[in-house]
Amino acid sequence: MKILSLVLALLALAVVASHDVPSPEQYWNNKLPNTPMPKVVQEILPSELLEEKSTSVNVGKGGVHVNTGKGKAGGGTHVNVGGKGGGVSVNTGHKGKPVHVNVSPFRYNYAATENQIHDDPNVALFFLEKDMHPGATMTLHFTETTEKPTFLPYQISQSIPFSSNKLPEILNKFSVKPGTEKAETMKNTIKECEAPSILGEEKYCATSLESMIDFTTSKLGKIDKAVSTEVEKQTPKQKYTVTAGVERMGGEKTVVCHKQNYAYAVFYCHKSETTRAYMVPLKGADGTKAKAVAVCHTDTSAWNPKHLAFQVLKVKPGTVPICHFLPQDHIVWVPK
């Protein structure tokens, strides 16, 4: 009965998708016509949604297959209902190394774990605002995740549960075995999304590009920029020098969206009115150039005293502005 209901729902979605519902790319252009789409978003759009749109629905012994467009084999988003495995599986067209379950350094109400303090590459991303000036040097390692699950279309993302009390159902839908690293990663992402906000923060986990745009515009109004860190090439940890041209973007109100580890693209977004965003040009020891997005928090009094930043920088909550560079798959939104 449940499978039948899901089949009917997906059939309805397929019909809608073939008519008036815009693709994620079209939705961006409609809502943010003068805002360039950052590279990180372009890379995780279903590939066929960037090409000629079409929707095919196949019903047979193998269940129901909904292909939301036209693209290369193996790419894009495919939703299968029924079939040999039963349930629902989503193949986002990207395969990579297994992700590691850890507490994100950008959750300010969590204490750092021991292995984060010693091994997390994001440790080097934290620094003090006074140290962000031309000629300053920092040892950094800008990492880029090899696993890049794509966005699901809004209608499909809304039809899939995203809550801790539905975890067994979610794992079953994605054919993920309970107790595995992938299952623990998905569990951890949902848990972090459900955790209460810290004082002065408004948070939201966006499970589609459309919902991320809606949250951001509802909090900021008109958007001036949506930017992410860009590095010429992947390099090992090395010394970077801040070069001329540090640019402050907007006032102290921003929305920052952090990419999560999940079966499909999910972003943890939070709005703060005590942040300053900068675009920081960097040059590596090997000549590699980067345009790094830095976010500085002017009020850290509500953060966990054992947060990673305090342990790395040897400062106390609420004393000085703390900054961090954003990894390449995170986004800062700046209002006009």
Side-chain angles (χ1 to χ4, degrees), residues 36 38-40 104-106 108 112 116-117 120-144 200-201 220 223-258 270-303 305 307-336:
K39 181 181 176 182
V40 59
S104 168
F106 307 114
Y108 308 119
Q116 268 190 301
I117 297 170
D120 193 331
N122 290 310
V123 165
L125 298 181
F126 288 97
F127 59 96
L128 298 178
E129 190 174 30
K130 68 180 181 65
D131 296 328
M132 184 174 52
H133 56 80
T137 59
M138 306 177 191
T139 300
L140 302 168
H141 185 203
F142 290 106
T143 60
E144 186 174 26
E201 176 192 55
L220 300 180
I223 303 300
D224 181 39
K225 295 178 180 178
V227 293
S228 56
T229 293
E230 294 190 13
V231 185
E232 279 186 335
K233 62 181 180 180
Q234 293 302 296
T235 64
K237 182 188 291 187
Q238 64 171 333
K239 184 176 290 186
Y240 281 87
T241 301
V242 178
T243 59
V246 176
E247 174 194 357
R248 181 171 170 182
M249 301 181 288
E252 293 203 350
K253 184 167 70 170
T254 61
V255 167
V256 181
C257 294
H258 305 283
H270 53 120
K271 175 207 170 188
S272 173
E273 298 192 4
T274 57
T275 59
R276 292 191 279 263
Y278 296 87
M279 182 63 77
V280 183
L282 300 168
K283 186 174 182 179
D286 68 350
T288 298
K289 293 181 180 179
K291 288 185 177 180
V293 176
V295 174
C296 297
H297 300 268
T298 59
D299 183 4
T300 60
S301 56
W303 292 21
H307 185 270
L308 182 63
F310 301 132
Q311 300 199 48
V312 170
L313 300 175
K314 309 300 182 186
V315 296
K316 294 182 179 180
T319 55
V320 293
I322 288 180
C323 306
H324 60 79
F325 288 119
L326 290 181
Q328 294 175 80
D329 51 2
H330 297 199
I331 307 166
V332 63
W333 303 76
V334 180
K336 289 186 176 178

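When a residue number appears, it is its place in the shown sequence, counting from 1.
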Rounded to the nearest 0.5 Å, how far apart are NZ of Lys283 and NZ of Lys289? 6.0 Å
Which value, rounded to the nearest 0.5 Å, describes the distance between Ile322 atom CD1 and Glu129 atom CD?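 Ile322 atom CD1 to Glu129 atom CD measures 11.0 Å (nearest 0.5 Å).
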Looking at side-chain heavy atoms only, is the closest gap between [X] and [Y] below 4.5 Å?
X	Y	value
Pro134	Thr243	no
Lys291	Val227	no
His258	Leu326	yes
His297	Thr274	no
Ile223	Lys225	no
Gln238	Thr288	yes
Val334	Met279	no
Leu220	Lys253	yes

Look at the side chain of Thr229 and the backbone N and O of Val293, then say whether any donor-acceptor pair between them is shorter than 3.5 Å.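 Between the backbone of Val293 and the side chain of Thr229 there is a qualifying donor-acceptor contact (under 3.5 Å).
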Exam field: side chain Thr300 to backbone Gly318, donor-acceptor pair closer than 3.5 Å: yes
What orientation do Trp303 and Phe310 show, parallel under 30°, tilted 30 to 60°, or perpendicular over 60°?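 Geometry flag for Phe310 against Trp303: tilted rings.
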Students often mix this up, so state it plainly: with edges at 30° and 60°, are the rings of Phe142 and Phe325 parallel, tilted or perpendicular? perpendicular
Yes or no on side chain to side chain contact (heavy atoms under 4.5 Å, CB included) for Tyr240 and Thr235, after CA distance, side-chain angles and deciding distance? CA-CA 11 Å; Tyr240 281 87; Thr235 64; 3.2 Å; yes
Judged by modelled atom types alone, do Thr254 and Thr275 share a side-chain donor-acceptor pair under 3.5 Å?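 Their side chains do contain a donor-acceptor pair, which is all the 3.5 Å distance test asks for.
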If you compare all heavy atoms of [X] against all heavy atoms of [Y], which two are closest, and at what distance to 0.1 Å?
X	Y	value
Val231	Gln328	N-OE1, 3.8 Å
Ala244	Pro281	O-CG, 3.3 Å
His133	Val242	O-CB, 3.3 Å
Ala292	Leu282	CB-CD1, 3.8 Å
Cys296	Tyr278	SG-CE1, 3.8 Å
Lys271	Glu273	NZ-OE2, 2.9 Å

Kindly determine whether Asp286 and Lys233 satisfy side chain to side chain contact (heavy atoms under 4.5 Å, CB included), including the steps that lead there. CA-CA 11 Å; Asp286 68 350; Lys233 62 181 180 180; 3.9 Å; yes
